[in-house]
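The structure under discussion appears below in the form of structure tokens.
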Amino acid sequence: MSKPAKAGDAAKGSVPFETALNKLEGIVEAMEADDLPLETLLARYEEGARLVKICQEKLAEAEVKIQQLEKTAAGELKLKPFETEVEA
Amino acid sequence: MSKPAKSQWDFGELFSPAETRKVLSVWELTADVKRLLEKQIGSVWVSGEITNLRAQSSGHVYFTLKDVAAQLSCVLFRGTAAAQKNLLADGQKVLLQGDVTVYEARGQYQLIVRAVELQGVGALQIQFEKLKQKLAAEGLFAPARKRPLPRYPQRIGLVTSPTGAAIRDVLHVIQRRHPGLEIILAPCRVQGDGAAKEIAKAVELLNGFSVASENPARGDDSTIQPFNDSTKLDLILLTRGGGSLEDLWAFNEEVVARAIFESALPVVSAVGHEIDFTIADFVADVRAATPSAAAEIITEGVFASREFVANAPALLQRAARRGLDSAAENFSQLGARLARLHPRRQLNDSFQRLDDLQTALLRGLKTAARSRGLVFENLAGRFLRAKPALAVKARRETLHQLEKRLNALGPEQVLARGYSITTDVATGKVLRDATKVAAGQQLKTRLAQGQIFSRTEA
């Protein structure tokens, strides 16, 4: 299991990967295509670097998490670990 | 030796065998057999393989149903539905429903066929086509209701056997391409009786699943950024590995098709190999050729993003570098322009112009002065040369000269020698011809000393 994200990053709020990635794509495109004012450019760069970090962290997760869904006698859904040998 | 004792009820010996035997006609016996068969067996279902199929011009169809150990004559009369007849073919495994009876004329028992059902692959294929047509007519396969899959799934439901080949393939691909994916397995049997119901139930179960509804088993990982915001599953993967048509049959059952159709979550179906198409495949939002292919489709977005994210720092840096370079260039250009526009620069320019003007002015002055000086000198010279005393002296001299020349030319010398000059007083003219003088004319005669006025006489 990967370690929890650093507190500094968590403090910036939980940005879903998809949002971060879409933003990152937008930033790279804008930086490549438009003549941005220098301040904007540098702000975008910093934001981009931050988003890269977020995305990398998420992509760095090394293990598939698999759990088995069961219905208890009471009709409630419950998860239990699923043991399998997946050769990576 | 005495005969063995016989029962007192043994009357055999009372009548001769010829007296006691009951002789039946063939017809009677056959009728008895027929009655027995029809009564004892009657209407039955029987399965076997068709052989020796003969369609008579009368419209009746005769064939033999056999299995490994026995044979049964069968007849399908003309009145039976044509659809049933079309199912008959040599070698076809069928399930027949009919009445066992005896065809007296031949003393043959036979099955009068009322209904035919195909068995084995043939039966499944017919069933498959029928269900496919029915569901298509209901719009379960309509392309318009196919939903796109989320590009970056966080959590997927998996409907398959926990021990099959499919789950291994799927997990293997996901581990390689999208290891952050959470998988919620709803285990079920994927073949055999009841498998279809379990599959349908699993789909339904996964639709009811959401992160909020379970204990947060993710625990300390919850601080990690999720792939998306959904608390529910992003999609359901319905899969099993390859097998025969019978093995895959559960995925062709209506209950599975209905469950997929009812699913609020997008469903990916991957059953069997490339060539296998199931009803589940048709109803699902996405059909994948194999379990591995399904896993690849599901992980495509995240997998593709890996390369982009890996390249992103370089892209960002290049773009920033380019921006900085162009800003630096702009800056230096602006600096140069600014320097040109700076007041000191303008002042310097003014000073320089002033200097230039001053120089030009001085030069102009000098030139002007020089040329004026020349004029002055000229004038002065002329002025000096024009001294009055000299002029007076020169004039006097000239006068003297003129006097002398005048004196030389004047009459005084002649007069002094005794000559005189007479002039007409009236006209002032010198008289040179006496004839032109009239009487009484007044004359003046100038002598060396004085003059004489006179008047002529007639």
Side-chain angles (χ1 to χ4, degrees), chain A residues 1-7 9-10 14-22 24-25 27-28 30-33 35-38 40-42 44-45 48-49 51-52 54-71 76-88, chain B residues 150-152 154-155 157-158 162 167-168 171-172 174-176 178-187 201-202 205-206 208-209 213-215 217-230 301-302 305-306 308-313 315-320 322-324 326-327 330:
Chain A
M1 271 310 146
S2 39
K3 295 271 181 221
K6 275 167 264 152
D9 294 316
S14 170
V15 185
F17 175 86
E18 183 170 4
T19 313
L21 187 70
N22 287 341
L24 182 58
E25 281 170 340
I27 283 174
V28 169
M31 281 178 72
E32 283 178 339
D35 269 338
L36 298 172
L38 193 58
T40 315
L41 189 74
L42 293 180
R44 295 274 169 87
Y45 176 78
L51 293 169
V52 165
I54 289 173
C55 292
Q56 280 174 340
E57 260 174 30
K58 188 63 187 165
L59 289 175
E61 286 179 58
E63 246 177 85
V64 173
K65 284 166 265 176
I66 175 159
Q67 296 174 88
Q68 194 168 322
L69 188 63
E70 281 185 334
K71 203 164 195 176
E76 283 173 359
L77 294 179
K78 166 181 118 171
L79 286 175
K80 72 170 193 183
F82 176 75
E83 300 303 331
T84 181
E85 63 298 340
V86 183
E87 61 281 18
Chain B
R151 195 161 161 71
Y152 307 105
Q154 159 81 21
R155 201 177 293 114
L158 183 56
I167 192 170
R168 280 206 319 275
L171 291 180
H172 187 73
I174 289 174
Q175 176 68 59
R176 180 165 56 81
H178 184 357
L181 188 63
E182 284 175 51
I183 299 167
I184 308 298
L185 172 69
K201 192 75 199 160
L205 211 60
L206 289 172
F209 176 86
S213 76
E214 49 121 351
N215 299 324
R218 295 195 299 145
D220 60 351
D221 284 341
S222 56
T223 47
I224 294 225
Q225 317 297 345
F227 279 90
N228 62 44
D229 287 328
S230 176
V302 168
S305 78
R306 278 182 187 283
F308 172 73
V309 170
N311 290 335
L315 293 176
L316 285 172
Q317 262 174 19
R318 199 168 59 212
R322 199 171 52 85
L324 279 175
S326 98
N330 277 347

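So you know, we letter chains A, B, ... as the sequences are listed, proteins then strands, and number each from 1.
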Test of understanding: with side chain to side chain contact (heavy atoms under 4.5 Å, CB included), list the residues that count as partners of B:Arg322, not counting sequence neighbours. none
Does any heavy atom of chain B fall under 4.5 Å from the side chain of A:Ile27, the backbone, both, or neither of them? side chain
Measuring from atom CG of A:Leu59 to atom CZ of B:Phe308, what distance do you get when rounded to the nearest 0.5 angstrom? 11.5 Å
Under the side chain to side chain contact (heavy atoms under 4.5 Å, CB included) test, residues paired with A:Ala30 that sit two or more places apart: A:Asp34, A:Arg44
Point-to-point distance, once rounded to the nearest 0.5 Å, from CZ of A:Phe17 to CD of A:Glu57: 12.0 Å
Measure distances from B:Arg176 to the heavy atoms of chain A and classify the residue's part below 4.5 Å as side chain, backbone, both or neither. neither
Taking B:Gly301, B:Ala312, B:Ser305 one by one, which has the highest count of heavy-atom pairs under 4.5 Å against chain A? B:Ser305
Under a 3.5 Å distance rule, please check whether B:Arg155 uses its side chain to pair with a backbone N or O of B:Ile184 as donor and acceptor. no
Under a 4.5 Å heavy-atom cut-off, does chain B meet the side chain of A:Leu24, its backbone, both or neither? both
If you tally heavy-atom pairs under 4.5 Å against chain A, which of B:Gly157, B:Ala186, B:Pro187 wins? B:Pro187
